[in-house]
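Inspection log for the structure reproduced underneath, given as structure tokens.
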Amino acid sequence: MRDKLTALDVMRDAPVIPVIVLHDVAHAVPLARALVAGGIRMLEVTLRTPQALQCIEAIAREVPEAVAGAGTIRSAADAQASALAGAKFGVSPGYTRSVGKACHDIGLPLLPGVATGSEIMMAQEDGYTQLKFFPAMQAGGLPMLKAWQGPFGDVTFCPTGGISLANAHEFLALSNVACVGGSWIVPTDAIAKGDWARIETLAREASQLAR
């Protein structure tokens, strides 16, 4: 399945895609193993730190049951570097034609970030119908997604930004939401302490959310 992975496969695998920020390559593999043990396989490692690509590489190499993805893709160069590191999918905070084309050309499934109707239309023109709604809470939250159900009924969203265990179920109940993105299952303090048991518990809780 992984060789022909699509954006929809990524979104449908579990109710939550963890948004991961790693500062130490040594944390990558045990974190990935804890998430997989909790039922979360699609892992978005954000390109927000200098170590991110090495972390993706380590997960891709040492945790074959996980599907390492790259988040915060903002350029064609980011997309190419992520794919070379072993990323199987990409996530971007916004959308540009150059990023969309780069991911298409290298066969990297992309969840482009959108926050407006115009951005949705531009992504759709380029063949993208599985989109990340970001930043979800700041850009209108549940009311915005409900409003988009009419004009964009053929689009599936992964709202990210301000999502937590407390409100995730409200988003997942919407017909145009396949999953949510969130960092609550990978708390910074738990990663820093190497508290993989806590992360596994949080992942298991998230993987059992109803959709």
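Within the 4.5 Å cutoff, no side-chain heavy atoms of His27 are placed close to those of Gln51. Residues Val67 and Phe89 form a side-chain contact, since some pair of their non-hydrogen atoms from C-beta on lies under 4.5 Å apart. Put simply, the side chain of Glu170 does not reach to within 4.5 Å of the side chain of Leu145, judged on heavy atoms. Considering only heavy atoms from C-beta on, Phe134 stays 4.5 Å or farther from Val114 through its side chain. At least one side-chain heavy atom of Gln124 sits less than 4.5 Å from a side-chain heavy atom of Asp154. Annotation: side chain of Ile199 is in contact with side chain of Pro187 (closest heavy-atom distance under 4.5 Å). For the pair Gln130 and Cys158, the minimum side-chain heavy-atom distance is 4.5 Å or more. Two residues are said to be in side-chain contact when any heavy atoms from C-beta on lie closer than 4.5 Å; Ile191 and Leu22 meet this criterion.
Cluster membership for Leu209 and Leu202, using ILVMFWY side-chain heavy atoms within less than 4.5 angstrom, is shared. Under the 4.5 Å side-chain heavy-atom criterion for ILVMFWY residues, a single connected hydrophobic cluster contains both Ile163 and Leu165. Residues Ile59 and Val21 fall into different hydrophobic clusters, defined by Ile, Leu, Val, Met, Phe, Trp and Tyr side chains chained together at heavy-atom separations under 4.5 Å. Placement of Leu8 and Ile120 in two distinct hydrophobic clusters is found when ILVMFWY residues are connected by side-chain heavy-atom separations under 4.5 Å, directly or transitively. When hydrophobic clusters are built by joining Ile, Leu, Val, Met, Phe, Trp and Tyr residues whose side-chain heavy atoms come closer than 4.5 Å, directly or via intermediates, Val45 is not grouped with Val19.
Here the closest non-hydrogen pair linking Pro18 and Met42 is CD-O, 3.1 Å. Taking both residues in full, the closest heavy atoms of Gly182 and Val16 are given as N-CG1, 4.2 Å, listed atom of the first, atom of the second, then distance. Between Ser175 and Gln149 the shortest heavy-atom distance is OG-NE2, 3.2 Å. Residues Ala58 and Val25 come closest through the heavy atom pair CB-CG1, 4.5 Å. Counting all heavy atoms, side chain and backbone alike, Trp196 lies closest to Ala34 at O-CB, 3.5 Å. Closest approach of Ala102 and Ala79 over heavy atoms only: CB-CB, 4.3 Å.
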Worksheet item: Going through the distances and angles, do Tyr128 and Tyr95 end up as a ring-ring contact (aromatic ring centres under 6.0 Å, His included)?
Response: CA-CA 10 Å; Tyr128 292 99; Tyr95 182 70; 5.8 Å; yes
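Asn176 CG to Phe171 CZ: the interatomic distance, rounded to the nearest 0.5 Å, is 11.0 Å. For the atom pair Ile73 CD1 and Gln80 CD, the distance stands at 10.5 Å (nearest 0.5 Å). Between atom CZ of residue Arg97 and atom CE of residue Met122 there is a gap of 5.5 Å, rounded to the nearest 0.5 Å. A distance of 11.5 Å separates CG of Asp9 from CE of Met11, quoted to the nearest 0.5 Å. Between the CD atom of Glu44 and the CD1 atom of Ile56 there is a distance of 9.5 Å, given to the nearest 0.5 Å. In this structure, CD in Glu205 is found 10.0 Å from CD1 in Ile185, a value given to the nearest 0.5 Å.
Under the 3.5 Å distance criterion, the side-chain polar atoms of Ser92 are left unmatched by any main-chain donor or acceptor of Thr72. Between the Arg74 side chain and the Leu47 main chain, no donor and acceptor come within less than 3.5 Å of each other. Without hydrogens or angle criteria, Asn167 side chain to Ser164 main chain gives a donor-acceptor distance under 3.5 Å. Within the 3.5 Å criterion, the main-chain N or O of Ala87 finds no donor-acceptor partner in the side chain of Ser82. Using modelled atom types, no side-chain atom of Ser183 and backbone atom of Val186 make a donor-acceptor pair closer than 3.5 Å. In this structure, Arg12 contributes its side chain and Cys179 its backbone to no donor-acceptor pair below 3.5 Å.
Evaluation of the ring-ring contact (aromatic ring centres under 6.0 Å, His included) rule for Phe157 yields Trp148 as partners, not counting sequence neighbours.
More than 12 heavy-atom neighbours from other residues, nucleotides or ligands sit within 6.0 angstrom of CZ on Arg204. The number of heavy-atom neighbours closer than 6.0 Å to CZ of Arg61, taken from other residues, nucleotides and ligands shown, is above 12.
Residue Ile17 forms a side chain to side chain contact (heavy atoms under 4.5 Å, CB included) with just one option from Leu111, Ile40, Thr160, Val91, and that option is Leu111.
Under 4.0 Å is where a charged nitrogen must lie from a carboxylate oxygen, and between Asp189 and Arg198 at least one such pair does.
Residues Thr116 and Ser118 have side chains that never bring a donor and an acceptor to within less than 3.5 angstrom of each other.
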